[in-house]
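Following: one structure in structure tokens, then a few remarks.
Quick note: numbers below take in every heavy atom, side chains included, and nothing from hydrogens, waters or symmetry partners. Just so it is clear: chains get the letters A, B, ... in the order the sequence lines come, proteins before strands, and each one is counted from 1.
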There are 2 protein chains.
Amino acid sequence: MANSRSGDSMIARVVRVLETFEADRTVQSTSEIGRRAGLPSSTVHRIVDQLADEGLLEFDEDHNARLGMRLWELALRGSTALRLRQAALPHMERAQAVLRQHTQLAVLERGEALFLERLSHPDAGANIARVAGRLPLHASSAGLVLLAYAEADIRNPVLAGPLTAVGPATITDPARLRIELARIKRTGFAAAPASIEAVSTGVAVPIREAGRVIAALSAVLPRESYPDRAIPVLREASQRIEADLRAARS
Amino acid sequence: MANSRSGDSMIARVVRVLETFEADRTVQSTSEIGRRAGLPSSTVHRIVDQLADEGLLEFDEDHNARLGMRLWELALRGSTALRLRQAALPHMERAQAVLRQHTQLAVLERGEALFLERLSHPDAGANIARVAGRLPLHASSAGLVLLAYAEADIRNPVLAGPLTAVGPATITDPARLRIELARIKRTGFAAAPASIEAVSTGVAVPIREAGRVIAALSAVLPRESYPDRAIPVLREASQRIEADLRAARS
DNA sequence: GCACCAGTTCCCATTCAATGGGAATTCCTC
DNA sequence: GAGGAATTCCCATTGAATGGGAACTGGTGC
């Protein structure tokens, strides 16, 4: 049988293979990949070998597979993610030097907040956000900013719920969330105490390019600290990021 | 004709499509991709549409293609590159705070130095190294370190040359390069004045994991500065990175 | 407004890259 | 040595993929 019984395209299968790798699963045997990707053993061995030939996967000395540096290189070098985080990094570092907690950069991706960068002070508290990780839009300050400025066709499905609680103060009532999103648009920032962790407050501001919100810059602070102090720091950083993005496009 | 006349696999074609995106070419029409990838127009339109369906590419409002955030996410989240640069970043920042120039992290990839991270002080001089960019091994301090500790099957083809000059003091004589590599292994660092730019000196040290050199940490300094001052800073950073990598694996 | 050009979309006859079951081999653990 | 899991290999089968070509769309220049 020359082609898949399921009608899959090859590209869809490749994506399913790559999706089996996660932050907590960076190494696995080819057979494990096949089980997770739902592919027959001989098929997955062939696909994984081809991906390794092209450098998209690599084998370690135990013949387990990991994501290849070539994949990293191809995915990064011409990407919007790299452009955004390189424009942002110096300003995030400056903000971080003042705030000395967590400073993060996130974009809206498939109905969630995808974190492009996270800087963390060694003494800062716990933070579940991860680089290349996701969080629900309604349950993080960055996500709330992204949601507030999103097109209706993205915002409405989120508001239609369900809105799952992640922390003790996650907003789970759609009506309250609408009010909060309107407030974010009016004030230009999100402050989300205990949205994820009881002992933390997230604060976020938008980053705009060509009139649209393309990312959110956020800080995660101890609950008892004053977010009012972080907001101007984040705003200034955001404005400088926007200026650098404009300069880079000229 | 069901499959390619050239005998290409689908995966090889996808890689050729992704390879058309570079740091200086982040947006292009599908027809341009096809020309660069050497694919017929109807074929490349189909492949690009499938890649976009999976989020590996995205279209902007002018219907030009760019690398997709989903590709970035899949390539990053379980990758060695992310693990390395996250272990390295705090220590690079500390080194950078002292040196206030460029601080870089590179790995050996396909016979070249691939840069995973670069931190640059606003006042620092020019530097052609780029994140997700490559430099020849013999023509950068990080590359020289990676080459010095590489397996013979990687080192020998480089020494077999040709060794192209990149800057005024790039080593292009294989015999001299062998001597320099031996010196690097003996002293544990590379110092490469004017290897790339006449006004700069590169200094690099190895980063080891499980007894092998997996990356190089480097700094690019003004030519007239004393590299002797940078070496202990880079060494300390490297040792802390190694400690963090060990801790992360326990 | 028309001509021209480039990019995109669509169609479809053709076909070989891809399939996956199954056997054999290898490696590891007990 | 047995058992189990992973890997490698084989190969008859076949439909996802091919790509030429036509039609359509949009932009530019005259």
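- At whole-Å resolution of the value, CD in E61(B) and P in dG27(D) are 13 Å apart.
- When only modelled atom types and interatomic distance are considered, R118(B) and S120(B) share a side-chain donor-acceptor pair under 3.5 Å.
- For the residue pair D244(A)/Q86(A), the side-chain donor-acceptor check at 3.5 Å is not satisfied.
- Here dG7(C) presents its C1' atom at 10 Å from NE2 of H63(B), a figure rounded to the nearest Å.
- When the side-chain contact (heavy atoms from CB on, under 4.5 Å) test is applied to S9(A), the partners found at least two apart in sequence or on another chain are I11(A), A12(A), Q50(B).
- Of the two residues near DNA chain D, S31(A) and G7(A), the one whose nearest nucleotide lies more 5' is S31(A).
- Heavy atoms of Q28(A) sit nowhere under 4.0 angstrom from any nucleic acid atom.
- Regarding contacts with the backbone of dA17(C), every side-chain N or O of Q50(A) stays at 4.0 angstrom or more from both OP1 and OP2.
- A salt bridge does not link R66(B) to E58(B): none of the charged side-chain nitrogens sits closer than 4.0 Å to a carboxylate oxygen.
- Remark: the R83(A) side chain and the T26(B) side chain contain no N/O donor-acceptor pair separated by less than 3.5 Å.
- Within residues 9-21 of chain B, the residues approached by DNA chain C to less than 4.0 Å at the level of any non-hydrogen atom are S9(B), M10(B), in residue-number order.
- A cation-pi arrangement, defined by a distance under 6.0 Å to the six-membered ring centre and an angle within 45 degrees of its axis, is absent between R155(A) and Y149(A).
- For E117(A) and R85(B), the salt-bridge test passes: some basic side-chain N is under 4.0 Å from an acidic carboxylate O.
- If you measure from atom CG of D49(A) to atom C1' of dA18(C), you get 14 Å, rounded to the nearest angstrom.
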Original post:
Does the side-chain hydrogen bond (donor to acceptor under 3.5 Å, both in side chains) test come out yes or no for N127(A) and Q104(A), once each step is laid out?
Top reply: CA-CA 11 Å; N127(A) 180 3; Q104(A) 305 168 167; 2.3 Å; yes
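- The shortest distance between the side-chain N/O atoms of S29(B) and the OP1/OP2 oxygens of dA6(C) is not below 4.0 Å.
- Contacts with DNA chain C (heavy atom under 4.0 Å) in residues 32-47 of chain B: R35(B), S41(B), S42(B), H45(B), listed by number.
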